[in-house]
Amino acid sequence: MLKSKTFLKKTRAGGVMKIVREHYLRDDIGCGAPGCAACGGAHEGPVLEPQPLDPASSLCPQPHYLLPDTNVLLHQIDVLEDPAIRNVIVLQTVLQEVRNRSAPVYKRIRDVTNNQEKHFYTFTNEHHRETYVEQQQGENSNDRNDRAIRVAAKWYNEHLKKMSAENQLQVIFITNDRKNKEKAIEEGIPAFTCEEYVKSLTANPELIDRLACLSDEGNEIESGKVIFSEHLPLSKLQQGIKSGTYLQGTFRASRENYLEATVWVHGDTEENKEIILQGLKNLNRAVHEDIVAVELLPKNQWVAPSSVVLHDEGQNEDDVEKEEERERILKTAVNEKMLKPTGRVVGIIKRNWRPYCGMLSKSDIKESRRHLFTPADKRIPRIRIETRQASTLEGRRIIVSIDGWPRNSRYPNGHFVKNLGEVGDKETETEVLLLEHDVPHQPFSQAVLSFLPKMPWSITEKDMKNREDLRHLCVCSVDPPGCTDIDDALHCRELENGDLEVGVHIADVSHFIRPGNALDQESARRGTTVYLCEKRIDMVPELLSSNLCSLRSNVDRLAFSCIWEMNHNAEILKTRFTKSVINSKALTLSSPEVRFHMDSETHDPIDLQTKELRETNSMVEEFMLLANISVAKKIHEEFSEHALLRKHPAPPPSNYEILVKAAKSKNLEIKTDTAKALADSLDRVDSPIFPYLNTLLRILATRCMMQAVYFCSGMDNDFHHYGLASPIYTHFTSPIRRYADIIVHRLLAVAIGADCTYPELTDKHKLADLCKNLNFRHKMAQYAQRASVAFHTQLFFKSKGIVSEEAYILFVRKNAIVVLIPKYGLEGTVFFEEKDKPKPRLIYDDEVPSLKIEDTVFHIFDKVKVRIMLDSSNLQHQKIRMLLVEPQIPGISVPTDTSNMDNSEPERKKKKLQK
């Protein structure tokens, strides 16, 4: 049956266009119930169970299926994902609405429907002749969709009765919309709210904890005065942004100070690009990564970024007076030059909440169900949850979701999602850091694995098409021991004319990963391989990363080669690119990176190995950079509008202030006009009495740099790579572990006629979206790696106990110094203000910068001695604690001698047993 949909659309020129769309209706769409005679019983994919007995509900004891509406899917996805909930009918109407409103929830519901054990069935009600409904005169689309859902629910109940006379199967409509529920009951459809249904599942009381708290933001929790100002409605925010009254940007909470945040303003304007927010009321319930509307405060209310380190450690959630006292600490006298544009949040444009990992801070009130959850990420506020499992969850890592944040609540409300495991357990902590950094780490699905080559694999005649045979060349790879994902290899030979031929050979991953299939989509989603201390989260399945695409020794492998002819002064005379076949020799070096030595039995770290830079590694790196530059030039010549490139913006001069001041304190001048001027300045730093000074300056210079990013050439004018001083750059040399390189390989293959193009490859908007995801994934991978090193450092010092080591000051703060310990490559903060201790006399000078404690002055790069120990007093945030040993300051420094202390974990356990 064919129906036509007609609607009018306004064109850009101001005219009106009539659009007619055909809508096909069918009567052969299955209901999903197996053995249903009425619709033939033939179904593809997961289907409903014939007689669902679980979960047992006191409200509807007979076998039943569930049919949720859109809001239940959007807000109660944590309940629906629970193994106890099975046999759910997901309507096409509902799925389309979810897709339009929340991409993350849509993905989660698709994953659930693909899980055969869950028995979720997608019913295409919009194309079924008996369940399709047309929008009525005066009916809005939301009401039409609600009616379509009720029509489908009623049809299901009548349809299932036709299966057999004895059949007692029911379809239960789940909705939290009061009016929709009333209408459903009037129409004879069994209907309950999600809360009613979940509370009726007597065998699954734990599910109640997973219910989202859906009280309206305006509905205040009992008692409690209003703390925050009301958020303006979206229409007023959009009006204000358009008129310039408000600015739109991304809210970035501070890790070091919970009363401070910045908003990065969207758009091209350089003025007021970054706005500071200080104080609870100005933060106004925004959460890290939310898109917010900000009102600029008058200039006489502008503030400077705070140098105070403040963490929210209070147990009393309603102690707002204490917060106001802490806010006064932030507003100390500062140089007028330090003042930055300052504002306040007036409304939320888009919430970017996600599930958060952390720990339960159990309430002191006995039998209380209300507790505070402390997220692992210090940028996220504590969350109030209700749970009956507090005793079980104490000391465990759990996941919690935010539901809302009322105006009179110090913290947002949320609900329990999942118990991950015991705090400190390696598996649990690794899971936490992967989840917290949004690293896709589930095993590759069968759909993805189905696109891998069948084993045993060998090179065929078809593979040799458009490919050179270079197996006669002496090609070798240079890698550390234990390396299995070998991307690159090199060759060098003298030509008959006396010149040199140098070749860089890169694994031809794009030969195995074809555009658009499930393997390609998953690789694009992951974006990069993530290297943790004890494990590697591969971007591509192991068959490719460690076997077929790894340029292992003495086996034939497919490669993409960049070959130069150069003279003996290393001047390039010719460059060519070709797909090839090589047979590599392995050249193994000792480990070139910082790594922990693991105990072979417990896999705990037992020693730290510092970084070694070998000339051979440096040589390989130079040729890899040259290959990336050569390929960048080639793909940009061929595809000026849609080459995938990588740029590194020059830092603004203000970024270098700390470096220049630090150098000046040591009577050194650092020029920062250009990258070359900076490099030359750093090269000139040579202090026989302080050989580590050059390294410290370079570390500080690195901190001043901007982040390098991928971009599409047709969407940007600035191609320059500041760090490499190159006018153009890309990534070509690591396609096993970076998806950007796969795209670059495809572009290069098309450019040299070795492969054919496809639409997405030459769509600059799609390429720009891809770059956005790749930049995010690379940033998260970097953070995850740092978190893994931090956790393993804690394990190392847990077993080593208390040690004292030399350190150098990297930064001075108002109440602390940040130090670097060269022996361990470890950075930490030495605080000079502690709870329940007399406050020392502190004088902070931002101009130098310096910090005077009593009569001792600390400058950047000063040498100190610190005591390093693991502080386990806060299970949620176990941390490396550092205390000052030297110079000796009475009441501040601790003794040098640690011989009388129970240094190591085994020693502490032994003493405990003796007691």
Side-chain angles (χ1 to χ4, degrees), residues 451 453 458-473 475 487-491 495 501-517 519-520 523-524 544 548-549 551 556-566 572-583 623-624 626-646 710 712-714 719 728-736 738-764 766-767 770:
F451 285 96
S458 61
I459 296 171
T460 65
E461 201 175 309
K462 187 182 174 186
D463 295 332
M464 292 303 296
K465 191 182 176 189
N466 299 322
R467 197 178 289 276
E468 278 187 47
D469 191 339
L470 302 180
R471 284 175 284 197
H472 61 285
L473 294 177
V475 174
D487 284 300
D488 52 76
L490 288 158
H491 90 267
L495 299 174
E501 180 186 83
V502 179
V504 163
H505 309 276
I506 306 299
D508 189 4
V509 181
S510 63
H511 174 84
F512 297 96
I513 300 179
R514 303 309 295 164
N517 66 26
L519 175 57
D520 182 45
S523 304
L544 297 183
L548 303 184
C549 292
L551 303 182
D556 293 346
R557 287 290 178 258
L558 303 181
F560 212 146
S561 303
C562 174
I563 300 169
W564 303 280
E565 185 178 329
M566 54 179 71
I572 296 169
L573 307 173
K574 290 179 191 169
T575 306
R576 71 186 185 90
F577 308 96
T578 180
K579 289 215 169 193
S580 59
V581 181
I582 62 167
N583 191 298
F623 279 115
M624 295 305 137
L626 183 57
N628 286 335
I629 292 167
S630 298
V631 170
K633 289 175 181 172
K634 179 67 177 176
I635 62 172
H636 185 246
E637 279 169 20
E638 296 289 330
F639 308 105
S640 61
E641 285 291 296
H642 39 81
L644 191 154
L645 301 175
R646 187 163 176 83
Y710 295 111
C712 172
S713 59
F719 292 9
I728 192 165
Y729 191 68
T730 194
H731 273 160
F732 164 76
T733 53
S734 294
I736 292 176
R738 292 189 305 233
Y739 188 77
D741 301 54
I742 292 178
I743 295 294
V744 169
H745 276 225
R746 289 174 182 169
L747 288 165
L748 185 60
V750 174
I752 64 170
D755 207 343
C756 49
T757 188
Y758 57 98
E760 286 78 10
L761 194 64
T762 52
D763 184 327
K764 66 180 182 182
K766 287 193 175 168
L767 202 58
L770 175 66

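Heavy atoms only: backbone and side chains are in, while hydrogens, waters and symmetry mates are out.
- Here Ser523 pairs with nothing under the side chain to side chain donor-acceptor pair (under 3.5 Å) rule; sequence neighbours left out.
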**Prompt:** Taking it one step at a time, do Asn466 and Lys579 satisfy side chain to side chain contact (heavy atoms under 4.5 Å, CB included)?
**Reply:** CA-CA 7 Å; Asn466 299 322; Lys579 289 215 169 193; 5.9 Å; no
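- The side-chain heavy atoms of His745 and Ile513, taken from C-beta on, include no pair separated by under 4.5 Å.
- Considering every non-hydrogen atom in both Ala489 and Leu551, the closest pair reads N-CD1, 3.9 Å.
- The CG atom of Leu767 lies 5.0 Å from the CG atom of Leu644; values are rounded to the nearest 0.5 Å.
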**Prompt:** What's the verdict on side chain to side chain contact (heavy atoms under 4.5 Å, CB included) for Phe560 and Val631, showing C-alpha distance, side-chain angles and the deciding distance?
**Reply:** CA-CA 11 Å; Phe560 212 146; Val631 170; over 6 Å; no
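- Looking at every heavy atom in both residues, Ala524 comes nearest to Leu770 through CB-CD1, 4.4 Å.
- Note that NE2 of His642 is 7.5 Å distant from OG1 of Thr757, once rounded to the nearest 0.5 Å.
- With rounding to the nearest 0.5 angstrom, the CD atom of Glu565 is 10.0 Å from the OG1 atom of Thr575.
- A salt bridge between Arg746 and Glu760 is absent, with no side-chain N of the basic residue lying under 4.0 Å from a carboxylate O of the acidic one.
- Considering only residues two or more places apart in sequence or on other chains, Asn517 meets the side chain to side chain donor-acceptor pair (under 3.5 Å) condition with none of them.
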**Request:** Please test Asp520 against Tyr739 for side-chain hydrogen bond (donor to acceptor under 3.5 Å, both in side chains), starting from the C-alpha separation and ending with a verdict.
**Result:** CA-CA 9 Å; Asp520 182 45; Tyr739 188 77; 2.7 Å; yes
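- Side-chain N or O atoms of Ser713 include one that pairs as donor or acceptor with a backbone N or O of Ser640 at under 3.5 Å.
- Not a single salt bridge (charged side-chain N to carboxylate O under 4.0 Å, His left out) links Asp488 to another residue, sequence neighbours left out.
- Here Ile506 contributes atom CD1 and Ser734 contributes atom OG; the two are 7.0 Å apart, rounded to the nearest 0.5 Å.
- Screening residues 629-638 for side chain to side chain donor-acceptor pair (under 3.5 Å) gives Trp564-Ser630 as the qualifying pairs, with residues at least two apart or on separate chains.
- In this structure, the side chain of His731 does not engage the main chain of Asn628 through any donor-acceptor pair within 3.5 Å.
- Of all the heavy atoms in Asp487 and Thr733, the pair that sits closest is CB-O, 3.4 Å.
- Heavy-atom minimum distance, Ile459 versus Arg557: CD1-N, 4.4 Å.
- Atom CG of Asn583 is separated from atom CG of Leu470 by 11.5 Å, given to the nearest 0.5 angstrom.
- Remark: Arg471 pairs with Asp469, Asp556 by the salt bridge (charged side-chain N to carboxylate O under 4.0 Å, His left out) rule, at least two apart or across chains.
- When every heavy atom of Phe623 is checked against every heavy atom of Val504, the shortest pair comes out as O-CG2, 3.8 Å.
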**Asked** What do the steps show when you test Leu761 against Ile743 for side chain to side chain contact (heavy atoms under 4.5 Å, CB included), and what is the final call?
**Response** CA-CA 8 Å; Leu761 194 64; Ile743 295 294; 4.1 Å; yes
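- In this structure, CD1 on Ile582 lies 6.5 Å from OG on Ser561, to the nearest 0.5 angstrom.
- Side-chain contact check for Val750 versus Ile635: every heavy-atom pair is 4.5 Å or farther apart.
- Inter-residue side-chain proximity for Phe512 and Leu558 is flagged as met; some heavy-atom pair is nearer than 4.5 Å.
- With a 4.5 Å cut-off on side-chain heavy atoms, Pro453 and Leu544 count as touching.
- Side chains of Thr762 and Glu641 form no contact here, defined as non-hydrogen atoms less than 4.5 Å apart.
- For Arg738, the salt bridge (charged side-chain N to carboxylate O under 4.0 Å, His left out) partners at least two apart in sequence or on another chain are Asp741.
- Pairing each heavy atom of His505 with each of Ser580, the nearest pair is ND1-OG, 4.4 Å.
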**Request:** Show your working on side chain to side chain contact (heavy atoms under 4.5 Å, CB included) between Asp755 and Arg514 and close with a plain yes or no.
**Result:** CA-CA 11 Å; Asp755 207 343; Arg514 303 309 295 164; 3.0 Å; yes
